[in-house]
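In what follows, a single structure is set out as structure tokens and then discussed.
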Amino acid sequence: MPMIHGPLPTDLTLDTGSVEEARDLAALLSVLADPTRLAVLQHLRGGEHRVGELSDHLGLAQSTVSQHLGLLRDAGLISTHTHGRARVSRLEHEDLLTTVLVTTRALLTAASAASPAAATDAGRRP
């Protein structure tokens, strides 16, 4: 079925800027798309944690947690500081991250209601 519409006010004949913006958004979304990193962010919503604490909470090796923390830090989602000899991580932009997580959960619920098979498949993706 052909699409019939005139140019929208935002339609541009050459819009390379939107591709760059989409690339930046995709990079951030790929950081957020990992279940372990999402679990780390959820724990950090409760306050600052040391790597060892996160490792205990998640049942993962400290080296694994450290790698994920590094990716989250590089993306600007968390920051770290030293407290004695320990490095402590905390959320940056907590309100915005909470909004993203709550909105994503609501979207998953809505998608699940509309198409249970699609939502199940989406929940299984890495």
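Quick caveat: nothing in here was measured; it's all calculated off a predicted structure.
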- prompt: Are Leu71 and Leu69 connected in the hydrophobic side-chain network, where two residues link if heavy atoms are under 4.5 Å apart?
  reply: no
message: The test is side-chain contact (heavy atoms from CB on, under 4.5 Å); show your working for Leu28 and Leu77 and say whether it passes.
response: CA-CA 9 Å; Leu28 180 58; Leu77 300 175; 4.0 Å; yes
Check: residues 93-101 side-chain donor-acceptor pairs under 3.5 Å, at least two apart:
from	atom 1	to	atom 2	distance (Å)
Thr98	OG1	Arg45	NE	3.3
Thr98	OG1	Glu94	O	2.9
Thr99	OG1	Asp95	O	3.0

For the student: nearest non-hydrogen atoms of Ser30 and Arg37, plus distance: O-NH2, 3.6 Å
- request: Can you tell me which residue pairs pass the ring pair (Phe, Tyr, Trp, His ring centres under 6.0 Å) test with a partner in residues 28-73, sequence neighbours excluded?
  value: His43-His57, His49-His57
- prompt: At what distance, to the nearest 0.5 angstrom, does CG of Leu32 lie from CG of Leu41?
  reply: 6.5 Å
task: Sort and list the pairs that fulfil salt bridge (Lys or Arg N to Asp or Glu O under 4.0 Å) and have at least one residue in residues 57-86, not counting sequence neighbours.
output: none
field: Backbone of Glu48 reached by a side-chain donor or acceptor of Arg90 within 3.5 Å
entry: no
- prompt: Would you say the side chain of Ile78 lies within less than 4.5 Å of the side chain of Val40, judging by non-hydrogen atoms?
  reply: no
- prompt: Would Val88 end up clustered with Leu44 when hydrophobic side chains under 4.5 Å apart are linked, directly or stepwise?
  reply: no
message: Given 3.5 Å as the limit, does a donor-acceptor pair link the side chain of Thr109 with the main chain of Arg105, or not?
response: yes
query: Does any donor atom in the side chain of Arg87 or Thr80 lie under 3.5 Å from an acceptor atom in the other side chain?
result: yes
message: Checking Ser55 against Gln62: is there a side-chain donor and acceptor pair closer than 3.5 Å?
response: no
message: Measuring from atom CG of Leu54 to atom OG1 of Thr36, what distance do you get when rounded to the nearest 0.5 angstrom?
response: 11.5 Å
task: Check the surroundings of atom NE2 in His83: do more than 12 heavy atoms from other residues, nucleotides or ligands lie under 6.0 Å from it?
output: no
- prompt: Is Glu53 reaching over with its side chain to a backbone N or O of Arg50, donor-acceptor style, under 3.5 angstrom?
  reply: yes
